[in-house]
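In what follows, chains carry the letters A, B, and so on, assigned in the order in which the sequence lines appear, proteins first and then strands, with residues in each chain numbered from 1. What you see is a predicted model, and the numbers here were worked out from it, not measured in a lab.
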Number of protein chains: 2
Amino acid sequence: MEPEKEKSAPRNKDIRSLTLDTALDLFSIRGYFSTSVHHIQKQAGVSIGSIYHHFKNKEGIAKALYDDLVKQMGQSMTKIMASEETTENRLKAVFAHLFELTETSPNVMQYILYARHREFMPDEIPICSSRPFAIIREMVREGIEKGEVRQMDLTVASASLMGGAIRLIYLRLDGVLEKPVTFYLDEIWECCWKSVAP
Amino acid sequence: MEPEKEKSAPRNKDIRSLTLDTALDLFSIRGYFSTSVHHIQKQAGVSIGSIYHHFKNKEGIAKALYDDLVKQMGQSMTKIMASEETTENRLKAVFAHLFELTETSPNVMQYILYARHREFMPDEIPICSSRPFAIIREMVREGIEKGEVRQMDLTVASASLMGGAIRLIYLRLDGVLEKPVTFYLDEIWECCWKSVAP
DNA sequence: GTCTATACTCAGATAGAC
DNA sequence: GTCTATCTGAGTATAGAC
């Protein structure tokens, strides 16, 4: 019995999704430049013609994928923003979400964080200016306003808060951390929060 | 003593150095994959044949460049390690050095930090495991041992200490920070140090 | 809409003269 | 050691049948 490649429940797993899933897989493992459209075509089990019917070109695949993932992450951040009240709880939830995602979908994390997007998507804004990061920044801004975070430059505060966590995620993606990054969640959170606490 | 040459008599500017300087320039601006050997050849004003005489292939250029820069940074770290006594002063000096380098030689920082080396130098260890980072880690380890840094997991402590600074450097390289990163040195240092202080 | 076959470009690498 | 000229293959993208 085939795994859910072709025949599964959401029947017609359309070519667009199939292409994007495969592209994410290959881009995050081999990198964008080392992945040819032929690789994607072969692994996805669809034809080159179909891919070029759905996407303008290879960059179009990367862009669509990036937009999807950033949008998805933006939604997660918005949800956290709405469901938590204090700055501390909000950011703790952000940490937990990012760490969880790193373990469950390292590909996604790899592609969002690690790819040098500007190298193959010249018009894209840097990831740190994208919506998800803007929401985090807004959390910090509110925190400073309400006195839950020390009075200081907003950019420095955000960098200080997220820096350690992102660092650990990179280490995990690089295979340097032996244990899941979630294992270190409480410890790194304590550090990061201390760095900006009033 | 000149820190650069070891074997051959340094001429005006030999082809090896010329090639590496040009490669650094192009790699950091356009990226490795968007830079062809022809670009390097043209901008450096030397012939393709000469380049291939000095380097095995394109990857060899990237590798030689990387090794040079990492070695250089390792020496800076060693020097700091030797010239400062306390953990706090050592790490403060590391911050200052990295920030200074970001402003004076953004290309170097860009190439060391930002290039996805594993994508085109598969055998290379991740930068975070390289010598310069190992020395920083050793500073932190000693700090914990001597009680100058809170008792905690060494990797978490290092990530927490360096995370914010590296984050700011990335922001600067991405053109997100309007002011020089050195401007934020004291503020981010205070954050990072607080995050691991006993 | 999906497919196969193929055209075209260009980067990486080599040969061999000087 | 340095150069010019050239080869080869990979990879993007298109044409056109079904």
d(CD, A:Glu59; P, D:dG11) in whole Å: 18 Å
Closest to side chain of A:Ile15, choosing from C:dG12, D:dT12, C:dC3: C:dC3
Base, sugar-phosphate or nothing for A:Ile48? Non-hydrogen atoms, less than 4.0 Å. base
To the nearest angstrom, how far is A:Ile61 atom CD1 from D:dT12 atom P? 9 Å
Is any side-chain nitrogen or oxygen of A:Ser50 closer than 4.0 Å to OP1 or OP2 of C:dC3? yes
For the residue pair A:Phe33 and A:Phe120, categorise the inter-ring angle as parallel (less than 30°), tilted (30 to 60°) or perpendicular (more than 60°). perpendicular
Which whole-number value in Å describes the distance from A:Phe55 CZ to D:dT12 C1'? 16 Å
Relative to the 5' end of DNA chain D, which residue comes earlier, A:Gly49 or A:Tyr32, by the nucleotide with the nearest heavy atom? A:Tyr32
Please work out which of the three classes, parallel, tilted or perpendicular, describes the rings of B:Tyr170 and A:Tyr170, given edges at 30° and 60°. parallel
Send over the distance from A:Arg16 CZ to C:dT2 P, rounded to a whole Å. 13 Å
Closest non-hydrogen atoms of B:Asp153 and B:Thr155, given as atom of the first, atom of the second and distance, are OD1-N, 2.9 Å
Whole Å only: how far is the NE2 atom of B:His39 from the P atom of C:dC10? 10 Å
On the six-membered ring of A:Phe55, is A:Lys63 placed so that its NZ or CZ lies under 6.0 angstrom from the centre and within 45° of the ring axis? no
Measure the distance from CD on A:Gln41 to P on D:dA10 and round it to the nearest whole Å. 15 Å
Below 4.5 Å, heavy atoms only, C-beta onward: do B:Arg172 and B:Pro180 meet side chain to side chain? yes
Between B:His38 and C:dA13, does any side-chain N or O lie under 4.0 Å from OP1 or OP2? no
Atom NE2 of B:His53 to atom C1' of D:dT4: distance rounded to whole Å? 16 Å
Pick base, sugar-phosphate or nothing for A:Ser36, based on heavy-atom distances below 4.0 Å to the nucleic acid. sugar-phosphate
A:Lys56 atom NZ is separated from D:dT12 atom P, nearest whole Å, by 14 Å
